[in-house]
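Count residues from 1 along the sequence. All heavy atoms count here, side chains included; hydrogens, waters and symmetry mates do not. Computed from a prediction, not measured in an experiment: that's the story for all the values here.
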Amino acid sequence: MEARLDYFGNALAGKVMKHLNSAGAAVHSALPVATQELVKIRASQINGCGFCTDMHTKDAAAAGEDQQRLNLVAVWREATVFTDAERAALELTEQGTRLADGSAGVSDEAWAKAAEHYDEDQLVALISLIAVINAYNRVNVINRQPAGGYKPGMFG
């Protein structure tokens with residue numbers, strides 16, 4: 001598989017990605033790194049973004065995340081290795097990512113569970129992170145950006 005174009009080498013794309021990266025960086029200190037990576041991995045799995053799934057599983061592992069947890073992100077409901085707060089974040093991620101599947105959006109129940117574990121700034125960070133990773137996923141899926149070649153720290 002080859003990318004349709006050299007998106008990361010394009011000057012205009014560089015300008016766009018700079019802004020997207022800034023939006024992603026704004027939420028960095030509001031949430032635990034593990035939660036951020038789990039959210040990014042799960043949204044990327046749902047969206048079929050191999051590049052981002054590869055990137056964020058490698059970044060999470062490099063940050064010390066347990067391999068078992070990374071292996072179980074896609075089946076988090078049936079796994080015992082996630083905290084209640086992480087489960088709430090993963091549920092919010094799934095519902096916020098599956099909007100195009102004809103869902104009614106994020107349920108009040110999912111929102112209430114997330115609000116039990118996260119304060120307002122953290123909820124803003126979760127919403128923003130979910131939106132940003134979905135944007136990254138769409139760029140990479142549309143461009144057919146191949147997975148497998150990412151190395152942690154490659155982009156900064």
Side-chain angles (χ1 to χ4, degrees), residues 1-4 7-8 17 20-21 23-103 105-107 109-119 121-156:
M1 176 179 201
E2 291 185 29
R4 289 180 163 145
Y7 192 88
F8 298 120
M17 295 309 275
L20 203 50
N21 291 340
V27 304
H28 186 70
S29 64
L31 294 168
V33 172
T35 302
Q36 292 178 52
E37 293 301 336
L38 294 174
V39 163
K40 291 186 267 190
I41 292 165
R42 188 63 192 126
S44 299
Q45 290 170 334
I46 291 166
N47 288 323
C49 183
F51 185 83
C52 287
T53 301
D54 179 46
M55 172 189 280
H56 296 296
T57 54
K58 288 176 179 175
D59 283 348
E65 183 59 77
D66 182 72
Q67 190 63 50
Q68 181 185 27
R69 284 168 40 94
L70 294 176
N71 293 342
L72 295 173
V73 171
V75 293
W76 63 269
R77 284 179 183 81
E78 292 81 26
T80 60
V81 297
F82 301 104
T83 67
D84 288 343
E86 290 168 337
R87 290 174 179 285
L90 288 165
E91 180 67 27
L92 194 68
T93 300
E94 285 191 5
Q95 290 188 20
T97 298
R98 293 191 184 278
L99 298 175
D101 292 350
S103 74
V106 175
S107 70
E109 180 183 351
W111 182 259
K113 284 181 186 176
E116 287 176 18
H117 300 284
Y118 300 101
D119 65 25
D121 282 349
Q122 291 173 315
L123 290 167
V124 166
L126 273 170
I127 292 169
S128 302
L129 184 63
I130 293 164
V132 169
I133 192 60
N134 273 278
Y136 282 121
N137 292 164
R138 278 145 179 78
V139 165
N140 289 315
V141 169
I142 292 166
N143 194 44
R144 289 191 179 163
Q145 195 65 42
Y150 177 78
K151 296 188 182 6
M154 190 169 158
F155 294 117

*asked:* Once side chain to side chain donor-acceptor pair (under 3.5 Å) is applied, do any residues pair with Tyr118, and if so which ones, sequence neighbours excluded?
replied: none

*asked:* Keeping Asn47 on the side-chain end and Ala43 on the backbone end, is there a donor-acceptor pair under 3.5 Å?
replied: yes

Once rounded to the nearest 0.5 Å, what's the spacing between atom [atom1] of [X] and atom [atom2] of [Y]?
X      : Y      : atom1 : atom2 : answer
Cys49  : Met55  : SG    : CE    : 9.0 Å
Ile46  : Gln95  : CD1   : CD    : 10.0 Å
Lys113 : Leu90  : NZ    : CG    : 12.0 Å
Thr97  : Asn134 : OG1   : CG    : 4.0 Å
Leu31  : Leu38  : CG    : CG    : 11.0 Å
Arg42  : Ile133 : CZ    : CD1   : 13.0 Å

*Heavy-atom distance under 4.5 Å between the side chains of Asp66 and Val81, does that happen here?*
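A side-chain contact is absent here, since even the closest heavy-atom pair is not under 4.5 Å.
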
*Beyond-backbone contact of Leu72 with Val75, side-chain heavy atoms, under 4.5 angstrom*: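 Counting from C-beta outward, Leu72 and Val75 do come under 4.5 Å.
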
Minimum-distance pair of heavy atoms, taken over all atoms of [X] and [Y]:
X      : Y      : result
Asp54  : Gly148 : OD2-N, 3.0 Å
His117 : Ala88  : CD2-CB, 3.9 Å
Pro152 : Lys58  : CG-O, 3.7 Å
Val27  : Ser128 : CG1-CB, 3.7 Å
Pro146 : Glu2   : CD-C, 4.4 Å
Ile41  : Leu70  : CD1-CD2, 3.7 Å

*Salt-bridge contact Lys40-Glu37 (side-chain N to carboxylate O under 4.0 Å)*: yes

*Would Glu65 and Arg69 pass as an ion pair if we require N to O under 4.0 Å?*
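Salt bridge between Glu65 and Arg69, a charged N being under 4.0 Å from a carboxylate O: yes.
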
*List the steps and the verdict of side-chain contact (heavy atoms from CB on, under 4.5 Å) for Val141 and Phe51.*
CA-CA 8 Å; Val141 169; Phe51 185 83; over 6 Å; no

*Count the heavy atoms belonging to other residues, nucleotides or ligands that lie under 6.0 Å from CZ of Arg77, then report whether that count exceeds 12.*
yes

_Glu109 atom CD: more than 12 heavy-atom contacts under 6.0 Å_ =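 Open.
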
*Evaluate side-chain contact (heavy atoms from CB on, under 4.5 Å) for Arg87 paired with Thr83, printing each intermediate quantity in order.*
CA-CA 6 Å; Arg87 290 174 179 285; Thr83 67; over 6 Å; no

*Verify the distance criterion only: is there a donor paired with an acceptor across the side chains of Trp76 and Glu94 at less than 3.5 Å?*
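The answer is yes; a qualifying pair exists.
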
*Check whether the side chains of Tyr7 and Asn140 place a donor and an acceptor atom closer than 3.5 Å, and report yes or no.*
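On atom types as modelled, these side chains do not qualify, holding no pair under 3.5 Å.
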
*Given Tyr136 and Val132, is the side-chain contact (heavy atoms from CB on, under 4.5 Å) satisfied, shown in steps?*
CA-CA 6 Å; Tyr136 282 121; Val132 169; 3.3 Å; yes

